[in-house]
Amino acid sequence: MATAKTWKIAREIGDAVIKASRNPNRRWYGPHMAAAVRAISERIPLVDFVLEIRDARIPLSSEYELLRKFSPLPSKQIIVLNKMELAVPLELKKCIDYFEERNYLSYAVNSHNKDCVKQFLNFLQSQVRELHKAGHSGHTTTMMVLGIPNVGKSALANSLHHIGRISAAEKGKLKHTTVSSQPGDTKDIMSLKIGSHPNVYVLDTPGIFPPNLYDAEICAKLALTGAIPDDIVGELKLARLFLMILNSSHEYKKWAKLCKSQDLTESLSDESSKSDAKRKRQYATDHTQDFIVHEVRRVLYETISAFDGNLEDETSIGNLIDTQFAALRTVLRVPEDASEFADLRVASKIVNLYRTGRLGHYTLEHVSALAKS
Ligand SMILES: Nc1nc2c(ncn2[C@@H]2O[C@H](COP(=O)(O)OP(=O)(O)OP(=O)(O)O)[C@@H](O)[C@H]2O)c(=O)[nH]1
């Protein structure tokens, strides 16, 4: 995953996903996906651009394989590596170079960042101008946003629509396409205007997987990044896989200063100190979440640093993860009486912290692996 190593737990997760995809009661490729594929295939010959959205953490595994099945395809196809802030910056740069060397147009973006979306919009406008110079005669340019579930298609379409250069009257009637942390929530194609003079529209589409998934390692990456519904695998396994990756990476070393600097837990418990009381007010109100993240990082750093087992060995790391789960219960304030579900609650929070980028940057596949394909 983060390295070339394939963990046993990753294979278990991948196998569970493949099994679910073939279970007639669980299959996500149901009638709604078949209908969405039909609707996309009818409209795709009419659009000027395709924006293929991928997850920057898994730039290959999040490929939208179905794209090659549609015909005719517009000549302009852009690979958009979304959630760029969650990936390792150097790996992202290598990935963009990798696509460029193979004559793919690609662009990295964070759909939640206004400046980043503005720059992307400028890039799209330049592509529209190129299209017009090349003889595109229409007054309207249409781009279709495609991708597997949960890669951020709707979030990007919304951000482009909100930031786009459209008239004040139109700004008063802004639309929203559904953004959700659950995969598969976009059900229909929706058109959003992102520019005027000339008019530019994006068509947001439902996320689609191919009917059958085969590769367990790819499926594990899709599950960890949130493309597959969590209940198929269970958050416990996902959290353990993430900790496996974290424990065998160097990311945690960035948190060394958290232990060397003042211990926030101790300082917060010292009610008599005026400055501590001030800090406590700060963290107990608006910054509770920041404080928890700080503490989670500290606990992870300390448990890894104190570990004298083999960080290359899965069974050995498994023991470390057990210790981390126990230590995280306190930090994450999992109530004592919830012991039966305590690990589940810890797991759920760890998965959430990972997916929102608060536990560091992880690119789960590297250009060296891509180069083999
Ligand atoms: N960190 C981060 N999260 C993002 C970004 N873009 C989208 N998200 C989050 O990713 C999740 C999925 O976003 P959506 O826009 O609903 O994804 P989608 O591809 O339209 O999903 P489907 O409806 O399954 O096709 C949501 O929780 C978003 O807030 C991004 O650039 N960075």
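Whatever order the structure lists them in is the order used to number ligands and atoms, beginning at 1. Computed from a prediction, not measured in an experiment: that's the story for all the values here.
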Could you please spell out the steps behind the salt bridge (Lys or Arg N to Asp or Glu O under 4.0 Å) verdict for Glu65 and Arg68? CA-CA 6 Å; Glu65 279 181 35; Arg68 324 295 155 217; over 6 Å; no
Using a plain distance cutoff, I'd like to know if Asp204 has any nitrogen or oxygen under 3.5 Å from a nitrogen or oxygen of ligand 1. no
Contact (N/O only, under 3.5 Å) between Val151 and ligand 1: yes
Does Met84 have a heavy atom less than 4.0 Å from any atom of ligand 1? no
State whether the shortest distance between N or O atoms of Pro206 and N or O atoms of ligand 1 falls below 3.5 angstrom. no
Residues Ala220 and Ala10: closest non-hydrogen pair is CB-O, 3.2 Å
Tell me, yes or no, whether the heavy-atom count around Tyr104 atom OH, taken from other residues, nucleotides or ligands under 6.0 Å, exceeds 12. no
Quick check: does Val109 get an N/O under 3.5 Å from an N/O on ligand 1? no
For Arg43, does the CZ atom have more than 12 heavy-atom neighbours from other residues, nucleotides or ligands under 6.0 Å away? no
Can you tell which of Ser111, Gly147, Gly152 gets a heavy atom nearest to atom 17 (O) of ligand 1? Gly152
Can a salt bridge be assigned to the pair Lys133 and Glu130 using a cut-off of 4.0 Å between side-chain N and carboxylate O? no
Among His112, Lys153, Glu85, closest by any non-hydrogen atom to atom 4 (C) of ligand 1: His112
Scanning both residues in full, the closest heavy-atom pair of Pro74 with Ile44 reads CD-O, 4.0 Å
Atom indices of ligand 1 within 4.0 angstrom of Ala155 heavy atoms, with elements: 6 (N), 7 (C), 15 (O)
Relative to each other, are the rings of Tyr301 and Tyr252 parallel, tilted or perpendicular (30° and 60° limits)? tilted
Ignoring angles and geometry beyond distance, decide whether Gly207 reaches within less than 3.5 Å of ligand 1 through its nitrogen or oxygen atoms. yes
Quick one: does ligand 1 sit under 4.0 Å from the side chain of Thr356, the backbone, both or neither, non-hydrogen atoms only? neither
Is Thr205 in polar range of ligand 1, meaning some N or O pair under 3.5 Å apart? no
Can you name the atoms of ligand 1, numbered from 1 with element, that are less than 4.0 Å from a heavy atom of Asn150? 11 (C), 12 (C), 17 (O), 18 (P), 19 (O), 21 (O), 22 (P), 24 (O), 25 (O)
Check the pair Lys8, Glu12 against salt bridge (Lys or Arg N to Asp or Glu O under 4.0 Å), reporting the backbone distance first and the verdict last. CA-CA 6 Å; Lys8 188 166 149 266; Glu12 272 173 36; 3.8 Å; yes
So, for Lys254 and His361, which heavy atoms are closest and what is the spacing to 0.1 Å? NZ-CD2, 4.1 Å
Between ligand 1 and Arg355, is the shortest N or O to N or O distance under 3.5 Å? no
Enumerated ligand 1 atoms positioned under 4.0 Å from heavy atoms of Pro149: 24 (O), 25 (O)
